**Q** 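Here it is, the structure, as structure tokens.
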Amino acid sequence: MLLLVAALHAGAARAERPRAYVPPQRSTVVDVLPRGYASAVPSRTSVVPRDAVPVLLSEAARSGDARLVDRAEALLDRGAGIDARQVPDARAYIAQYRHDFPVARAWLARAIAARPTDPQPRLSLAYIELVQGKVSDAARTCATDVVRRDPSASDLCLAAVDLRCGRYGSAAGRVDRWLARHPVRDAASRSALVLRGDIAARATDPRADGWYRRALFIDPGDVRTIAAFARHLRTSGHPRDVLRLLAGAPDSDRLLLESALASRATRHADATALAARLASRYRDSRRLGAAPELADESLFALETGASTRALDLALQNVRTQRDHDDVALLLRAARKAGRPDAVELLREWAQREGVASADGLAP
Amino acid sequence: MTWLRIVCLAISLMLASTPVGAHAVSASRIDIVLPQTVGPVHVGVDVPLRDLALAIRIDADEDGQVRWGELLDAQAAVEQAIVDGVRLAAAGRVCRWSPEGYALRDYDDGVYVSSDFEVRCENASSLALDYRLFHDTDPRHRAWVTLRDGRRGVATVAGDGPVRFDATLRGDGTVGSYLVEGVRHIFSGYDHLAFLLSLLLPAVLVREAGRWRPEASARKVVLGVLRLATAFTVAHSLTLSAAALGWVTPASQVIEPAIAATVVLSAINNVRGWISARGWMLASGFGLVHGFGFAGALGELGLPRGAEVLALFGFNLGVEAGQLLVVAVALPALLWCRRSDRYANGGMQAASLLIAAVALVWLVQRLVA
């Protein structure tokens with residue numbers, strides 16, 4: 001009830017403008033722009049860099065800043081900031097960023113048709129198939145000759161499938177092999193290290209922290225890494241560490257969720273305010289026509305006692321996303337709402353896709 | 001294709017990463033405050049600084065840090081972007097914007113650049129908002145809009161097609177709207193009515209040998225009233241214009257009690273007969289004070305930029321029209337009353353004392369306030 005009142009208060013407060021202020025000096029720094037903004041900010045020459053779209057998309061993925069995706073899309077619409085041959089990949093990325101998987105797959109099909117020997121569009125396709133719960137399709141995509149000919153692509157692709165199916169030893173081996181071949185600490189290594197951390201976390205390997213920390217060392221500002229590490233810390237019972245990790249982290253709904261849950265678990269003074277802020281953001285997103293992350297909203301509802309709402313959102317979520325966390329969330333929500341029957345619709349699918357055991361849906 | 005590898009890796013290597021919820025959708029805040037009567041619409045537009053930074057070259061030294069000085073340098077560009085992107089129209093005609101404030105506000109999702117505008121619109125029963133800020137670079141950008149008109153508030157989202165608000169707008173650039181306000185002010189300003197009445201009460205009488213008696217000639221009465229009204233009009237027009245155009249700015253703490261005092265004095269004068277033959281002098285002298293009072297009311301409405309004189313003319317005309325209406329109703333009644341000796345020998349004095357008593361209360365209230 002307190003949460004509801006706080007959320008309502010936050011909604012009402014939105015109508016009121018915060019106090020206006022004028023900084024005391026011209027030299028006062030009022031904001032520090034994320035690094036990707038440099039490629040999108042109007043320049044002296046007004047010429048759009050040739051790589052503006054990929055740089056914007058890369059930074060959007062790193063920072064979770066949706067406005068960069070929107071800018072990239074606007075550039076694509078104008079045919080600027082990108083090589084025409086790469087447009088399908090960028091379009092696919094934007095679609096999957098917005099969870100519009102059918103459209104993303106359609107663009108990837110065009111990219112594959114245009115570059116049949118390039119493994120990258122197939123890797124992207126495998127990712128989407130995994131998120132959608134089409135695990136067998138993802139395994140087939142990873143096993144295509146084009147992907148298999150590139151050991152780096154093949155290892156990561158199959159590691160992700162192994163992780164999804166609960167074959168943690170095999171998954172860890174593939175990623176370890178990949179890391180051994182890539183001593184350079186770059187964006188690719190960061191992603192591989194997060195994957196390795198996820199494998200360890202799922203296998204309840206106490207070394208999971210180490211993998212995440214190594215990924216953070218490469219890029220401390222990457223929201224994907226921070227979110228994955230925060231989730232691991234929360235689910236392994238270390239909410240205080242979550243708060244320490246997120247102090248000064250970039251603004252992102254996902255990280256705000258982790259903060260709100262950790263604050264609640266530790267009975268932190270900010271817990272109510274954070275929960276109200278998050279509830280307000282979800283509500284605002286819907287009103288602005290941008291559906292929030294259903295899984296995140298469901299988890300938030302579940303942790304704040306709104307079991308029925310959590311189950312409803314989790315059921316909506318599994319219509320489009322059936323990754324391990326999506327299924328686990330539905331199981332928890334169904335249990336808490338006293339509706340164990342709600343997971344029945346997934347049993348046959350889990351059996352067919354070979355994830356029943358990993359997802360706790362084995363008969 | 002290095003960049004392609006970046007994108008593809010960003011996609012494919014997220015295979016193992018939890019999808020990260022997107023940042024809250026980019027949205028500005030627009031606060032529209034309608035005038036209580038006539039006058040400009042006040043519009044506050046708060047735009048996320050990061051959205052502006054992606055549309056306007058704010059970070060001039062390109063060091064990734066936005067300083068207040070850089071925002072000040074970009075102020076004209078920011079305000080122009082807002083004027084171009086936030087279109088308000090009334091009666092099918094685009095409203096005119098004038099900037100009146102520039103600052104920052106901290107919302108929970110970051111720093112916003114806050115620009116306030118005075119917006120002039122035509123008379124209309126609805127206001128249309130077409131929000132196109134950043135439309136070319138971010139078609140998903142939206143705005144939270146609140147419209148307040150004192151009695152109620154309406155909240156909505158703009159950015160996906162025009163939004164229409166029901167709102168009674170009385171345009172501010174026309175003589176007509178200010179004329180109506182002038183009339184309204186006379187009928188809602190009881191002190192002016194009381195003063196006018198105290199001038200009119202003895203206008204149907206003549207004072208001889210220290211006593212009031214009825215004026216036999218109706219023609220003389222009408223001419224006398226015309227003289228009074230003209231004197232009052234000329235006097236208050238002078239001070240109203242001088243104050244409204246900013247040539248003199250008397251303090252309202254002085255003017256308001258002074259107006260009440262003029263009512264007390266003119267009403268008591270009716271009883272004592274200090275000034276009886278030259279009532280027009282009283283009207284013009286005290287009229288100067290009342291003119292400052294009218295100017296105060298006009299000041300609350302505000303004068304439209306570029307049309308100050310027209311609006312002033314309209315308001316003054318309204319005040320005169322209101323006065324004439326009062327005279328048109330009161331004079332026949334007084335002419336009728338004068339036929340009775342009791343009006344000259346007690347009725348007029350009693351009415352004057354009543355006015356004086358009421359005005360005395362106003363005087364005390366205003367002095368205390």
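Labels below follow one simple rule: chain letters A, B, ... track the order of the sequence lines, proteins then strands, and each chain is numbered from 1. Values in this document were obtained by computation on a predicted structure and should not be read as measured data. Values below: all heavy atoms of this structure, side chains included; hydrogens, waters and symmetry mates excluded.
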**Q** Considering only heavy atoms, which portion of L49(B) lies under 4.5 Å from any heavy atom of chain A: side chain, backbone, both, or neither?
**A** side chain
**Q** Between D70(A) and H141(B), does the side-chain contact (heavy atoms from CB on, under 4.5 Å) criterion hold? Intermediate values first, please.
**A** CA-CA 9 Å; D70(A) 297 338; H141(B) 178 80; over 6 Å; no
**Q** Might you work through the side-chain contact (heavy atoms from CB on, under 4.5 Å) test for I58(B) and L33(A), ending with a clear yes or no?
**A** CA-CA 11 Å; I58(B) 290 173; L33(A) 300 176; over 6 Å; no
**Q** With side chain to side chain donor-acceptor pair (under 3.5 Å) as the test, would you mind laying out the steps for S114(B) and R17(A) before giving the verdict?
**A** CA-CA 10 Å; S114(B) 179; R17(A) 301 165 84 191; 3.1 Å; yes
**Q** Quick one: which of V111(B), L71(B), D46(B), L72(B) has the most heavy-atom pairs under 4.5 Å with chain A, could you say?
**A** D46(B)
**Q** So which residue, D63(B), D51(B), D116(B), T156(B), ends up with the most heavy-atom pairs under 4.5 Å with chain A?
**A** D51(B)
**Q** If every non-hydrogen atom of P48(B) is compared with every non-hydrogen atom of R67(A), which pair is closest and at what distance?
**A** CB-NH2, 3.7 Å
**Q** Got a salt bridge between D73(B) and R26(A), using NZ or NE/NH1/NH2 to carboxylate O under 4.0 Å?
**A** yes
**Q** Please flag which part of Y102(B) lies under 4.5 Å from any non-hydrogen atom of chain A: side chain, backbone, both or neither.
**A** backbone
**Q** Hey, could you give me the CG/CG distance between L256(A) and D108(B), rounded to the nearest 0.5 Å?
**A** 8.0 Å
**Q** Below 4.5 Å from any heavy atom of chain A, which atoms of D136(B) appear? Answer side chain, backbone, both or neither.
**A** backbone
**Q** Of the non-hydrogen atoms in R142(B) and L288(A), which two are nearest, and what is the gap between them?
**A** CB-CD2, 3.5 Å
**Q** Who wins among D186(A), V30(A), V32(A) for the most heavy-atom pairs under 4.5 Å with chain B?
**A** V30(A)
**Q** Show your reasoning for whether side-chain contact (heavy atoms from CB on, under 4.5 Å) applies to T28(A) and R67(B).
**A** CA-CA 5 Å; T28(A) 305; R67(B) 291 180 172 75; over 6 Å; no
**Q** Answer whether the closest heavy-atom distance between the side chains of R140(B) and E73(A) falls below 4.5 Å.
**A** yes
**Q** Give a yes or no answer on whether the side chain of R105(B) reaches the backbone of P18(A) with a donor-acceptor pair at less than 3.5 Å.
**A** yes
**Q** Is the number of heavy atoms from other residues, nucleotides or ligands within 6.0 Å of CZ (R286(A)) greater than 12?
**A** yes
**Q** Stepwise, does the side-chain contact (heavy atoms from CB on, under 4.5 Å) test hold for V29(A) with W68(B)?
**A** CA-CA 6 Å; V29(A) 174; W68(B) 174 237; over 6 Å; no
**Q** Heavy-atom cut-off 4.5 Å, strictly under: side chain, backbone, both or neither for R98(A) against chain B?
**A** side chain
**Q** Please determine, among S27(A), P23(A), A74(A), the option with the most heavy-atom pairs under 4.5 Å with chain B.
**A** P23(A)
**Q** Below 4.5 Å from any heavy atom of chain B, which atoms of Q25(A) appear? Answer side chain, backbone, both or neither.
**A** backbone
**Q** Measuring only between side-chain heavy atoms, which start at C-beta, is P34(A) closer than 4.5 Å to R50(B)?
**A** yes
**Q** Mind checking whether D109(B) and R277(A) have side chains closer than 4.5 Å, heavy atoms only?
**A** no
